[in-house]
Amino acid sequence: MRHIISMLMENEAGALSRVAGLFSARGYNIESLTVAPTEDESLSRMTIVTTGSNQIVEQITKQLNKLVDVVKLADITEGKHIERELMLIKLNVVSPEVRDEVKRLIDIFRGRIIDVSETTYILELTGTGEKLNAFIDAVDNKIILETVRSGVSGIARGDKSLGLTV
Amino acid sequence: MELNGADIVVQSLKDEGVEYVFGYPGGAVLHIYDALFKQDAVRHILVRHEQGATHAADGYARATGKAGVCLVTSGPGATNAVTGIATAHLDSIPMVVITGQVQTAYIGSDAFQEVDSVGITRPCVKHNFLVKDVNDIASTLKKAFYIATTGRPGPVVVDIPKDVTDPNIKVHYEYPSSVDMRSYSPTTKGNNRQIKKALELISSARRPMIYSGGGVILSGAHKELTEFTQKLGYPITNTLMGLGGYPGTDELFVGMLGMHGTYEANMAMHDCDVLIAIGARFDDRVTGDVKHFCPEAKIIHIDIDPSSISKNVRVDIPIVGDIKHVLTEMNNELGSYSNADNNDLANWWNQINLWRSKDCLGYDRKSELIKPQYVIETLYNVTNGEAFVTSDVGQHQMWAAQFYKFKSPYHWINSGGLGTMGFGLPAAIGAQLAHPKAEVACVTGEASIQMCIQELGTAMQYMLPLKVVTLNNRYMGMVRQWQEFFYESRYSHSYMEALPDFVKLAESYGHVGMRIEKPADVEGALKEAFAMKERLVFMDFITDKTENVYPMIAAGKAHNEMHMSSDRELA
Ligand SMILES: Cc1ncc(C[n+]2csc(CCOP(=O)(O)OP(=O)(O)O)c2C)c(N)n1
Ligand SMILES: [Mg+2]
């Protein structure tokens with residue numbers, strides 16, 4: 001099963017390597033990992049996508065909770081949640097036909113062209129991992145020069161939140 | 001008070017109530033050593049190798065329940081300490097290790113004696129810190145002691161770059177009286193509903209079994225455990241780490257369990273219907289094959305660490321909390337639950353006593369060679385079962401665990417989790433410093449003792465009257481035993497050639513050495529050695545080199561698949 005674990009951590013040097021080290025030392029899977037500061041500059045927010053049996057994921061959350069730098073943690077896949085990922089993709093668009101085709105596709109996927117050169121487009125897309133995969137599948141593989149994906153960010157729906165005071 | 005960083009380190013240790021620091025100097029900690037020189041509240045014990053410092057601090061911690069403290073330099077000082085840090089980590093021993101680091105400006109430049117100590121130790125500490133500002137030293141040390149000693153204890157490393165302890169930079173010093181960390185607050189009180197559920201199950205048990213581990217000792221819950229067990233009248237077994245948590249001389253105690261546990265303990269585990277696991281972690285050396293572990297039992301597990309619960313074995317009623325708190329509450333409530341059916345319990349005890357009557361620890365007492373078991377039995381008698389006993393790793397460790405019946409906690413000091421050869425002698429140094437008047441014995445093998453033998457010098461310098469009991473079988477006995485059983489007696493590199501003359505070696509350090517070669521001399525030698533109250537005595541017992549540790553469950557087998565020695569196979 002795929003799980004999204006969301007964490008608030010002390011914004012300290014080394015916190016990230018504690019998490020990464022835990023996953024490699026105990027042989028847990030990481031599909032993606034994102035981390036960035038929050039509105040409270042002493043905290044950073046990390047989202048980890050992992051897979052494993054219920055027992056393994058239970059161990060993962062317990063072991064993460066045990067890290068002294070972890071302030072709060074939730075497995076947001078346990079409830080209703082939203083997940084998004086950002087992708088930047090650079091395409092080789094030499095002919096007018098290809099450009100038209102890409103413009104049509106990007107409209108369907110509600111992405112944007114954010115950079116244009118004589119031979120390339122850079123597109124920006126957000127969505128679930130599946131949507132981004134679908135876009136990649138829809139584009140002619142030969143024209144893809146580069147893709148960059150942010151990894152999943154997730155948040156629980158409704159009034160549930162990972163804030164410190166709640 | 002205005003102090004420089006080096007003085008702050010030492011003053012913080014003093015304000016924390018630290019008696020001893022085990023250490024070894026070097027460039028990155030010279031400012032701190034200068035600060036140590038100027039005072040005598042915190043005593044520094046100079047070891048001969050940083051591994052010795054960590055094991056000695058660890059031994060001190062295990063013998064007292066307080067945090068052990070080490071001070072080592074950057075680079076090789078820190079890497080030498082890693083084995084001892086990992087040893088403490090796997091047994092959850094509270095320890096604070098201060099490592100010097102190169103100047104802040106040089107970090108990352110492959111400077112002389114630079115290693116990433118925080119990175120190297122990260123997987124084998126409870127937590128670690130790099131202190132980058134002199135203003136943070138006191139609060140970081142406070143946190144380090146707090147983290148090391150609370151919740152599930154463990155080692156904490158504090159890495160301090162040399163410029164942070166600069167004698168010329170003085171700042172305001174105040175040692176914090178308390179710590180508040182939003183990201184760290186261990187649970188202590190057990191959940192009441194879970195406790196009630198557990199008590200109901202406990203009182204309805206027909207074939208109950210108590211299985212307790214090192215957590216009981218770490219929590220200081222031996223009295224509560226004894227009361228709990230005796231009120232119920234249930235059989236109790238201890239893990240290797242839990243010995244002394246319940247008096248080993250009591251009728252209800254069925255011995256240690258696991259790979260080299262007693263027949264009665266392992267059979268009772270296998271057949272019990274309710275298992276009460278207290279401060280134990282279902283280690284593979286204990287459970288054997290988890291698929292066949294306690295097949296008929298409902299399991300209650302009391303532990304302070306939520307991640308221990310259902311890690312290796314799924315449990316039915318988990319209780320997360322400090323064992324001392326939880327057992328106190330259980331003891332208060334026990335009266336209002338009816339006891340297990342007396343008939344059932346009597347039948348269960350009849351069965352256990354039948355297993356017991358097989359005398360699974362029996363050995364050949366008429367042998368002309370010294371049997372290692374006999375040495376430990378005699379050690380037990382000569383010391384009235386009251387000595388602090390440290391050990392190394394191997395057969396001698398198992399015999400010490402089987403034959404020395406520990407009456408109280410903190411007295412059995414061994415590296416159970418990591419199994420670190422070389423632990424015994426420095427650990428004994430720590431235990432003896434903690435209890436200067438007590439009898440301290442290090443049970444070791446001729447291979448293990450050579451891994452930290454240099455600490456004989458430390459014992460001399462501080463006049464520590466340890467008694468080293470070497471069971472010299474000329475083999476890495478435990479390795480030889482596995483090779484005999486599982487590799488058709490191909491003794492690949494397990495014979496200890498070129499052994500030193502241990503008597504002369506001990507004497508060259510200024511100690512007393514003895515070689516004992518006949519069973520008839522064992523008791524006399526031990527008595528003579530323990531009568532020398534001021535001297536370290538190194539006893540080299542030349543034991544039967546073919547002796548194996550029995551009973552034994554081969555790795556990955558079930559509790560009811562035990563082997564006794566070949567001539568006394570069990571049904
Ligand atoms: C540092 C270290 N290296 C290797 C081992 C593997 N090992 C376990 S027991 C043992 C033999 C110990 O021999 P000795 O100290 O003579 O004890 P005996 O088993 O003979 O009583 C070895 C090599 C270990 N536990 N620790
Ligand atoms: Mg040996």
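Values below: every heavy atom of this structure, side chains too, minus hydrogens, waters and symmetry copies. Bear in mind that the values here come from a model prediction, so they are computed numbers and not experimental data. A, B, ... follow the sequence lines: proteins, then strands. Residue 1 opens every chain.
Under a cut-off of 6.0 angstrom, the local environment of CZ in A:F109 is crowded, with over 12 non-hydrogen atoms contributed by other residues, nucleotides or ligands. Residue A:H81 qualifies as enclosed at atom NE2: its count of foreign heavy atoms under 6.0 Å is above 12.
Contacts of B:R182 with chain A are made by both backbone and side-chain atoms, with heavy-atom separations under 4.5 Å. In this structure, chain B has heavy atoms under 4.5 Å from both the backbone and the side chain of A:V68. Contact of A:E12 with chain B is not made at all, since no heavy-atom distance falls under 4.5 Å.
Inspection of the B:N128 and A:R18 side chains reveals an N or O donor paired with an N or O acceptor under 3.5 Å. Between the side chains of B:S307 and B:R152, no donor N or O sits under 3.5 Å from an acceptor N or O.
Chosen from A:A25, A:S42, A:G21, the residue pairing most often with chain B at heavy-atom distances under 4.5 Å is A:S42. No other option in B:L130, B:V118, B:D305 has as many heavy-atom pairs under 4.5 Å with chain A as B:D305.
Aromatic ring centres of B:H127 and B:Y184: separated by at least 6.0 Å.
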